[in-house]
Amino acid sequence: ISTAALCSKADLTVDDFALVNLEGNQVAGTKPRSSEILLHIEIYRAVPTARAVVHCHPPHATAYALTGTVPPGCLVPEHEVLVGSVALAPYETPGTPEFARTVLPYVRDHNVIFLQNHGVVCWADSVTHAEWCVEVVDTYCRTIMLASHLDAPLVPIPNRKAGDLLEIKKKLGLPDARYGLKECQLCDLPEFPEGLTVRPQDRLTEDGSTSVLEPGEVDEMVRTITDRLMAALKRTE
């Protein structure tokens, strides 16, 4: 089922829905289906247990997607169980087959995927549960943003306790890319190179790719920046 193209979600009626098969052909409904149904179809094909897909643009989660990053894990139990590690798919033009296929490397191990410069897509066994995932991940992102203003470091859930939450999640039949990892690895932030922007410890090479700075180089960069700042301050005295 797809909502009609160019239709306000706040004003939906029964007539605004279209029935689409797994080939992307509309088989019922008087209004044309949304072009982004292709994203939903790719997920249904890739994940047989997916019975509902919700794609939307919640502001706090989308803010992360705009920066090419995902929120850190192991901070809130509800998020760990219902969502867990979040994937980030690289940008493609919305509504195209290429856009729909960007989630395929991640969708089997993640039920929530951020779409670079676009929004979020979540899948579950029902529309209600998929919508829950949207609410949980957006609230989680907002909470992290608020906590970041408290002038104190975020304190993660201990790895051993994170393992307990992962066991609960496994019993619920929910996917997670961290199954099988060692306990000490559970709260490490996963990386999605195709979608992530350059991190502070990375540097751009001449061909536009990135290479990781060695610890000594990072220290030297910090010293250089500090020396330049101090010199600038002295000149203003």
Problem set entry | From CG (L38) to OG1 (T96), nearest 0.5 Å |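 Reported to 0.5 Å precision, the distance equals 8.0 Å.
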
For this session: Quick one: do L115 and L39 satisfy side-chain contact (heavy atoms from CB on, under 4.5 Å)? Show the steps, please.
Result: CA-CA 11 Å; L115 308 169; L39 173 65; 4.1 Å; yes

Where the side chain of [X] meets the backbone of [Y], is there a donor-acceptor pair that is under 3.5 Å apart?
| X | Y | result |
| --- | --- | --- |
| W123 | V107 | yes |
| T67 | Y64 | yes |
| H118 | Y91 | no |
| N111 | A124 | no |
| Q116 | A65 | yes |
| Y179 | K170 | yes |

Exercise. Any idea how H40 and Y44 line up, ring-wise: parallel (<30°), tilted (30 to 60°), or perpendicular (>60°)?
Worked result: tilted

Exercise. Relative to the ring of Y106, is the ring of H110 parallel (under 30°), tilted (30 to 60°) or perpendicular (over 60°)?
Worked result: perpendicular

Side-chain contact, heavy-atom cut-off 4.5 Å: [X] with [Y]?
| X | Y | value |
| --- | --- | --- |
| E135 | L82 | no |
| V53 | V121 | yes |
| C141 | F114 | yes |

Problem set entry | Where V127 and V54 come nearest, the two heavy atoms and their spacing |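 For V127 and V54, the tightest heavy-atom pair comes out as O-CG2, 4.4 Å.
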
Exercise. Run the side-chain contact (heavy atoms from CB on, under 4.5 Å) check on V112 and V120 step by step: do they pass?
Worked result: CA-CA 7 Å; V112 174; V120 174; 4.1 Å; yes

Exercise. Less than 4.0 Å between a side-chain N and a carboxylate O, is that true for K161 and E80?
Worked result: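 No.
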
For this session: Evaluate the criterion side-chain contact (heavy atoms from CB on, under 4.5 Å) for residue pair T139 and T143; output intermediate values, then yes/no.
Result: CA-CA 6 Å; T139 300; T143 302; 4.1 Å; yes

Problem set entry | Stepwise side-chain contact (heavy atoms from CB on, under 4.5 Å) test for D125 and T49 | CA-CA 7 Å; D125 59 346; T49 53; over 6 Å; no

Exercise. Taking SG to SG, are C74 and C187 separated by less than 2.5 Å?
Worked result: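 Between C187 and C74 there is a disulfide, given that their SG atoms are under 2.5 Å apart.
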
Problem set entry | Flag if over 12 foreign heavy atoms under 6.0 Å of CZ, R142 |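 Counting other residues, nucleotides and ligands, CZ of R142 stays at 12 neighbours or fewer.
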
